[in-house]
Amino acid sequence: MNIQDNYQKNKKNIFFSENKNVENHRKKLISIFENDKFDKKNNESLKNTNLKNFFDFKYKYLVPEEKSVINNHHDNSYSIVCVNGQCSSFKDDKIQITKIIEGDYIDFSKNNTIEKNDHFVNLNSLFLNCGFKIIIKKNNNIKIKISNIVTDDELTIFQKNNFICEEGSSLNLIEEYENKNNSTSNILNVIKLEKNTQLNHFLIQDNSPSHNLIITSHSSCKKDSTYTQKVYNFSEGYVRNFHFSELIELNSEADLQGIFFLKDNNTSNNKTFVKHLAEDCKSNQVYKGILNDHSKATYFSNTYVDQVAQKTEGYQLSKGILLSDNASYFSKPELKIYADDVKCSHGSTIGPIDENAIFYLRSRGMSKIAATKILISSFINEELSSIDDKQMSQIIQKKLVRYLSKVK
Amino acid sequence: MFLEIKDLSVKIENKNILKSLNLNINKGEVHAIMGPNGSGKSTLANVLAGKEDYEILNGKINFKDNDLFDLNIEERAQEGMFLAFQYPVEIPGVNITPFLHSAINSKRKRMNEDEIDNLSFAKLLKSKASDLGINIDMLKRSVNVGFSGGEKKRYEILQMSILNPDLAILDETDSGLDIDALKIVTDGVNKLKTKDNSFLIITHYQKLLDYIKPDYVHVMVNGSIVKSGGSEIAAEIEKEGFQKFQ
Amino acid sequence: MFTDGSFVYIPEGVKCPMELSTYFRINSENTGQFERTLIIADKGSYVSYLEGCTAPKRDDNQLHAANVELIALEDAEIKYSTVQNWYPGDEDGKGGIYNFVTKRGLCAGKNSKISWTQVETGSAITWKYPSCILKGDNSIGEFYSVAITNNFQQADTGTKMTHIGKNTKSKIISKGISLGKSQNTYRGEVSFLRKAEKARNYTQCDSLLVGNQCGAHTVPYIDSKNNTAVIEHEASTSKINEDQLYYCRQRGLSHEEAVSLIVNGFCKQVLQELPMEFAVEAQKLVSISLEGSVG
Ligand SMILES: Nc1ncnc2c1ncn2[C@@H]1O[C@H](COP(=O)(O)OP(=O)(O)OP(=O)(O)O)[C@@H](O)[C@H]1O
Ligand SMILES: [Mg+2]
């Protein structure tokens with residue numbers, strides 16, 4: 001079914017379709033789709049992407065109303081079960097949760113300067129059918145855990161969330177995606193860090209082969225703020241992690257990190273992009289992947305340094321380990337630099353597990369397979385040991401063990 | 001007066017480091033500065049050499065009848081100021097021999113002397129290197145790249161003996177040297193010493209001052225010189241530390 | 001469009017004892033030059049080929065669109081060096097050569113080797129990506145590049161290494177220096193196809209920025225479809241190191257001399273790949289390209 005028809009047919013279930021400005025914006029998006037040939041060569045965001053993910057899933061827009069659960073624990077921590085992209089409203093003196101509002105939609109569509117032709121983001125804007133907004137109020141220190149659940153087969157979630165950290169606040173955010181049904185989530189997180197804030201964002205992804213997850217984030221950091229994102233992708237289904245950060249004021253920092261574990265016929269597409277638009281900012285983009293069987297991955301990273309962004313420090317690292325003859329990994333670590341007082345670097349390696357190390361371990365009496373597993377674990381140990389949260393670190397360890405049990 | 005530092009106050013990144021510092025050095029004298037870590041010794045050395053990161057809040061420095069602040073880094077060097085760095089920087093791909101060759105020629109040019117040609121320079125370098133126990137093979141390498149700590153220090157002294165400065169500032173040149181190397185390096189310094197040149201030696205150890213006899217020893221604490229005297233001060237510090245000067 | 005060119009054949013087992021050199025010059029105004037070069041090195045042979053380019057000042061733009069193809073058979077080695085100093089245009093970006101060049105190499109036989117070395121200081125716009133197809137087992141491809149851009153120059157250069165055969169190796173060393181208002185881009189692709197057992201690549205691309213109105217960009221594509229192959233890629237971009245400048249000046253070198261020395265050091269890994277006489281010329285050229293823009 002083509003996009004135009006689909007849109008018209010389901011319009012009444014799509015958010016904000018009665019708003020004229022939104023409508024006009026969507027008309028433009030539709031014409032972009034109609035004119036695009038979906039040429040994978042000329043559109044990086046499509047490389048290694050199965051276009052079936054786009055057009056073949058069932059558009060079932062009417063998201064069943066489900067009551068989400070919000071728990072307010074004593075120690076400034078909250079847990080939220082977000083069902084089908086919906087979250088009920090909540091308010092206390094520290095946080096405020098509401099449904100996504102029109103103003104945020106328009107704000108994003110106007111100010112999105114990164115990657116205008118990302119089809120997945122455009123689809124999200126076009127078919128938006130759920131989403132929430134969380135505000136962390138000034139000077140609060142909060143912990144939130146969100147479990148994202150999709151209830152029905154053949155459901156497609158087009159979800160847009162806004163996270164706002166008000167001045168002086170700090171947020172520890174853990175998001176879990178563990179879905180077993182045959183559905184697709186297309187999620188866009190718009191994240192704003194006001195002055196002097198800190199957000200540690202963990203995304204734990206562990207879906208079954210039938211669930212597709214497309215997750216995109218746009219974060220922006222004001223003065224003295226730090227956004228840290230860590231993605232742990234254990235999904236057996238398709239995952240697309242595209243994460244963008246803009247450092248818009250002095251002395252801010254963005255850390256975009258990820259690890260993925262792929263097997264069977266799975267594919268994962270990853271991209272990080274940091275725009276340095278102010279002085280004295282720092283960024284890290286670090287992705288590591290293990291690929292087994294027939295799996296495929298891409299990783300694009302990009303550091304853009306504007307002419308005014310003096311004293312920038314930008315670092316990129318991409319590491320891929322191919323465990324099988326049929327796995328493949330593509331990476332494109334890019335630097336675009338227009339300021340002179342900068343320190344930017346990137347490193348990228350792709351290869352098998354270090355044979356010398358395997359040899360060494362075997363000479364100490366270890367079997368080849370045991371040695372391989374030890375080396376895979378050590379490859380990502382650094383990341384795991386940096387997790388302060390004991391419970392979360394255990395959860396991740398368990399998933400790692402599960403992955404390793406399939407390595408032969 | 002050969003070098004006269006008057007009431008010098010210096011700041012870096014909102015931090016006052018040197019505070020109303022005074023120091024006079026005459027031709028032919030050897031001065032030693034001792035002081036606890038972070039007291040500002042290297043800062044003083046860098047200000048003298050003209051490093052550009054510092055903000056001069058106050059004070060005057062006269063060197064060989066020049067206002068030092070009128071000269072940039074290389075002009076000071078060409079006028080005969082030499083700093084043996086505490087941490088010499090590595091310069092990949094820049095070969096030692098041509099590097100020193102251009103250095104000596106730029107000095108000669110300023111002094112209206114003829115440039116020294118390749119052949120005589122190579123000879124000079126070799127003989128000075130062997131005096132300092134530096135292997136000839138080392139002269140083929142890039143400046144400081146992959147040198148051990150002691151090798152870097154020796155190489156600083158080699159440069160000093162080639163450039164033959166009027167005022168040599170040695171910033172902890174003794175650190176990292178084994179006992180034999182210390183002997184060789186200090187011999188090098190003593191050979192170079194005449195009644196027309198002066199030395200400013202920054203060190204933490206009395207040991208060095210056993211080999212190079214200073215005329216004056218200064219104690220620097222918290223950005224100023226709190227006590228000056230003869231070699232007996234070094235012995236005092238060796239015994240009791242800096243506590244009593246603070 | 002083909003205007004001129006040369007064909008070189010090195011017979012089996014012949015080691016060419018001297019450097020073959022050509023020299024290109026564009027004299028007449030408003031012209032384009034479209035030459036072709038084909039070099040075939042037969043089994044076990046060796047050749048080193050030098051290419052130098054200059055053009056006098058003109059206010060108009062001129063076009064140089066050349067095509068160079070190299071084929072190395074079993075055990076043969078071809079070393080191709082370029083020192084390109086076409087007229088870059090004036091300080092306001094007026095005039096200059098458009099230098100659009102296609103360079104391809106095929107390591108057809110086992111143990112063959114193709115090595116590209118280039119020093120690119122001229123031209124208003126350069127687009128050039130000497131490539132190697134590593135088809136023969138154990139074959140080797142190398143790319144050494146220095147690209148300096150000043151004023152309004154644009155250089156977009158890099159390489160493409162396609163590993164097809166077993167045990168193939170490639171090495172890429174790229175040094176970009178941007179000054180003035182220029183844009184300097186490294187664009188490269190390394191790919192390992194399924195059959196490229198135990199293939200290896202090492203890439204290092206470093207950029208140096210002198211001045212705050214220029215740009216340095218690194219755009220590498222890295223693609224591996226073989227799990228025994230190893231790709232290592234490193235890149236860095238920074239401005240000239242202040243401590244190094246300070247050190248050199250403390251020894252009495254002027255600011256300009258110090259910059260020239262440090263930049264030459266930065267390029268050393270590439271310049272030393274050039275044949276002796278050329279290396280000296282190239283060093284001078286590097287220093288000249290920096291003149292006036294420092295301080
Ligand atoms: N670039 C700089 N930025 C900030 N502080 C600096 C800088 N350079 C020096 N300082 C500070 O200035 C003080 C003096 O430093 P300096 O290096 O002169 O000490 P020092 O006496 O040589 O010490 P040491 O014996 O350890 O070599 C220290 O507290 C140091 O941290
Ligand atoms: Mg010191």
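So you know, we letter chains A, B, ... as the sequences are listed, proteins then strands, and number each from 1.
Around OH of C/Tyr98, the count of heavy atoms belonging to other residues, nucleotides or ligands within 6.0 Å does not exceed 12.
For the pair A/Pro333 and C/Pro220, the tightest heavy-atom approach, listed with the atom from each and the gap, is O-CD, 2.7 Å. Closest of all the heavy-atom pairs between A/Pro352 and C/Ala229 is CD-O, 3.3 Å.
With respect to chain C, the highest number of heavy-atom pairs below 4.5 Å among A/Leu323, A/Val305, A/Ile350 belongs to A/Ile350. Your options are A/Leu335, A/Val342, A/Leu291, A/Ile321, and the one with the most heavy-atom pairs under 4.5 Å with chain C is A/Leu335. Comparing C/Cys205, C/Ala235, C/Cys214 by heavy-atom pairs within less than 4.5 Å of chain A, the highest count is held by C/Ala235.
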Could you list each donor and acceptor atom pair linking chain C to chain A at less than 3.5 Å?
residue, atom, partner, partner atom, Å
C/Arg194, NH1, A/Asp325, O, 3.3
C/Arg194, NH2, A/Asn326, O, 3.4
C/Asn212, O, A/Gln307, NE2, 3.4
C/Ala216, N, A/Ile337, O, 2.8
C/Ala216, O, A/Ile337, N, 2.9
C/His217, ND1, A/Ile337, N, 3.3
C/Thr218, N, A/Leu335, O, 2.8
C/Thr218, O, A/Leu335, N, 2.9
C/Tyr221, OH, A/Lys332, NZ, 3.4
C/Ile222, N, A/Ser331, O, 2.8
C/Ile222, O, A/Ser331, N, 2.7
C/Ser224, N, A/Tyr329, O, 2.8
C/Ser224, O, A/Tyr329, N, 3.0
C/Ile231, N, A/Ile350, O, 2.7
C/Ile231, O, A/Ile350, N, 2.9
C/His233, N, A/Ser348, O, 2.7
C/His233, O, A/Ser348, N, 2.7
C/His233, NE2, A/His346, ND1, 3.4
C/Ala235, N, A/His346, O, 2.7
C/Ala235, O, A/His346, N, 2.8
C/Thr237, N, A/Cys344, O, 2.6
C/Thr237, O, A/Cys344, N, 2.9

